[in-house]
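Reading through the structure tokens given below for one structure.
Fair warning: this is a prediction, and the values are worked out from it, not measured in the lab. Here is how names work: the chains are called A, B, and so on, in the same order as the sequence lines, proteins then strands, and each is numbered from 1. All values below come from the heavy atoms of this structure, side chains included, with hydrogens, waters and symmetry mates left out.
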There are 2 protein chains.
Amino acid sequence: MLSHKAKYALKALLYLAEQEEGHISKTIEIADGANIPKKFLEQILLDLKRGRFVSSKQGKFGGYYLIKSKNDITLAEIHRLFDGAIALLPCASLNFYERCLDCKTEEECSLRHGLMIIRDETLKAMQNITIASLIKK
Amino acid sequence: MLSHKAKYALKALLYLAEQEEGHISKTIEIADGANIPKKFLEQILLDLKRGRFVSSKQGKFGGYYLIKSKNDITLAEIHRLFDGAIALLPCASLNFYERCLDCKTEEECSLRHGLMIIRDETLKAMQNITIASLIKK
DNA sequence: TATAAAATCTATCAATTTGGTAGGGTTTTA
DNA sequence: TAAAACCCTACCAAATTGATAGATTTTATA
């Protein structure tokens, strides 16, 4: 399941993608428009900024705007930024790999192979869902 | 990600599936064989029993055994029993459906449609991973 | 240059979940 | 009749989640 943070991030990106080119959105606008607690959204936007999905302008008339095309922001990336691994176990993960401590040897891990298949299929599906694809209903 | 409970459940089922037909396995055997904390495994086996994946025989020389074919136990079922919904949001879930409270109307929920696509693909993949498929490496 | 508006930074917090452990009680059967 | 298993209830510490609060910095413009 997606955390609230990841869900809010997607909704915020969606909101930004729906604004006209060059428009800068204040946090409060996004919060009201997408129904997200404002203070919580602040943190999320900073995370999105660190992830280079959005950029910001400080001071009066400042705000946030997309710096990545809505066609290039995928569900997979947002999942990884906020919720981490897409695989079902760390030992089957590409980006968040860790050994399973309860498996004596890596080869012996009976689950790993099957879970890598799931990971590949889920990842492929998640890479196909973009902010742009979510807009056109 | 899978919880430890779900992971241990899969490993326990795998252990049982690898025993010869008619064999009954004691908790301690499974715990040692699959490297699972024994007391924790007890609870998991009870859950698996309630879920009608295994049955048990009490008393001396008692233990657990599969009552469902290893070809018919899927990752999807185990995920749902221990970790709940497969969908990324409750509003996109088949078996654990709940409305998103932060969406004014259901149709308005911009994420729902995309997440239902992911759910369908993930579910299909998870239904293809069975205990039997995990055994043949 | 003062000031208002906005992002940014740093803490804190309560509630829930997770990953167990402890310690029995109950039932079966050699 | 005692051993060996299942079964049950409660508890616990640590981590995570979903926020909130308040102070600080930056910037446009009157």
Side-chain angles (χ1 to χ4, degrees), chain A residues 1-12 16 23-51 53-67 79 81-85 88-90 96 98 100-102, chain B residues 1-12 16 23-32 34-51 53-65 67 79 81-85 88-90 96 98 100-102:
Chain A
M1 295 278 273
L2 242 40
S3 66
H4 280 209
K5 243 182 179 173
K7 177 172 80 166
Y8 291 155
L10 288 169
K11 290 174 73 172
L16 290 176
H23 181 77
I24 288 187
S25 306
K26 294 185 263 190
T27 304
I28 188 72
E29 285 172 20
I30 307 173
D32 288 348
N35 219 27
I36 303 169
K38 194 219 166 193
K39 276 303 216 175
F40 199 24
L41 178 59
E42 280 184 13
Q43 295 172 38
I44 293 165
L45 287 169
L46 289 174
D47 287 335
L48 285 172
K49 189 183 175 185
R50 285 184 206 106
F53 294 97
V54 303
S55 190
S56 64
K57 188 165 171 299
Q58 277 182 254
K60 200 170 187 180
F61 302 120
Y64 289 94
Y65 52 96
L66 283 186
I67 53 167
H79 190 286
L81 182 60
F82 291 95
D83 294 349
L88 290 174
L89 285 185
F96 297 85
E98 263 179 75
C100 287
L101 296 177
D102 57 325
Chain B
M1 295 277 272
L2 242 42
S3 65
H4 280 210
K5 245 184 180 171
K7 177 172 80 168
Y8 290 155
L10 288 169
K11 289 174 75 172
L16 291 177
H23 181 77
I24 288 187
S25 305
K26 296 186 257 190
T27 303
I28 188 72
E29 285 171 20
I30 307 172
D32 288 348
N35 219 27
I36 303 168
K38 194 220 166 194
K39 277 300 218 175
F40 200 24
L41 178 59
E42 280 186 14
Q43 297 172 35
I44 293 164
L45 287 169
L46 289 175
D47 288 335
L48 285 172
K49 191 180 175 185
R50 286 185 206 105
F53 294 96
V54 305
S55 189
S56 64
K57 186 167 174 294
Q58 279 184 247
K60 202 169 185 180
F61 302 121
Y64 288 93
Y65 52 96
I67 54 167
H79 189 285
L81 182 60
F82 291 95
D83 293 349
L88 290 174
L89 285 185
F96 297 84
E98 263 179 75
C100 288
L101 296 177
D102 58 325

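- With a 4.5 Å cut-off on side-chain heavy atoms, B/Tyr64 and B/Leu46 count as touching.
- OP1 or OP2 of D/dA5 has not a single side-chain nitrogen or oxygen of B/Ser56 nearer than 4.0 Å.
- In this structure, the nucleotide among D/dC7, D/dC8, C/dT8 sitting nearest to the side chain of B/Lys49 is D/dC7.
- Across all their heavy atoms, A/Cys100 and A/Leu89 have their closest contact at SG-CD1, 4.5 Å.
- Taking side-chain N and O atoms only, B/His4 has a distance below 4.0 Å to OP1 or OP2 of C/dG20.
- OP1 or OP2 of C/dG20 has at least one side-chain nitrogen or oxygen of B/Tyr8 nearer than 4.0 Å.
- For the segment residues 39-47 of chain B, the set of residues with a heavy atom within less than 4.0 Å of an atom of DNA chain C comprises B/Lys39, B/Phe40, B/Gln43, in numerical order.
- Closest approach to the A/Lys57 side chain among D/dC8, C/dG19, D/dT27 is made by D/dT27 (side chain taken as heavy atoms from C-beta onward).
- You'll find the side chain of A/Ser55 reaches within 4.5 Å of the side chain of A/Tyr65, heavy atoms only.
- Protein atom OH of A/Tyr64 is 13 Å distant from nucleotide atom P of D/dT27, rounded to whole Å.
- Side-chain N/O atoms of A/Tyr65 include none lying less than 4.0 angstrom from OP1 or OP2 on C/dA7.
- To the nearest angstrom, P of D/dA4 lies 13 Å from CD of B/Glu29.
- In this structure, the CG atom of A/Leu2 is 18 Å from the P atom of D/dT16, given to the nearest Å.
- In this entry the distance linking NE2 of B/His23 with C1' of D/dA5 reads 14 Å, nearest Å.
- Both A/Ile28 and B/Lys38 lie near DNA chain C, and the one whose nearest nucleotide falls closer to the 5' end is A/Ile28.
- A close approach under 4.0 Å does occur between a side-chain nitrogen or oxygen of B/Thr27 and OP1 or OP2 of D/dC6.
- Between the CG atom of B/Asn35 and the P atom of C/dG20 there is a distance of 11 Å, given to the nearest Å.
- The CD1-P distance, from A/Ile36 to D/dA19, rounds to 11 Å in whole Å.
- When distances run from any side-chain atom of A/Lys60 to the nucleotides D/dC7, D/dA28, C/dT29, the shortest one goes to D/dA28.
- Partners of A/Thr27 under the side-chain hydrogen bond (donor to acceptor under 3.5 Å, both in side chains) rule, at least two apart in sequence or in another chain, do not exist in this structure.
- Residues B/Asp102 and A/Ile36 have side chains not in contact (no heavy-atom distance under 4.5 Å, counting atoms from C-beta outward).
- Contact between the side-chain N/O atoms of B/Arg50 and the OP1/OP2 oxygens of D/dC8 is found at a separation under 4.0 Å.
- Between B/Leu41 and B/Ile28, every side-chain heavy-atom pair lies at or beyond the 4.5 Å cut-off.
- Comparing atom distances between the A/Phe61 side chain and each of D/dA19, D/dC8, D/dA28 picks out D/dA28 as nearest.
- As rounded to whole Å, 15 Å separates atom C1' of C/dT16 from atom CE of A/Met1.
- Per the geometry, NZ belonging to B/Lys26 stands 15 Å off C1' belonging to C/dT28, to the nearest Å.
- When all heavy atoms are compared, the tightest approach of B/Lys57 to B/Ile24 is CD-CD1, 3.6 Å.
- Put simply, the side chain of B/Asp47 reaches to within 4.5 Å of the side chain of B/Phe82, judged on heavy atoms.
- Candidate nucleotides D/dA19, D/dT26, D/dC6 were compared by shortest atom distance to the side chain of A/Gln58, and D/dT26 ranks first.
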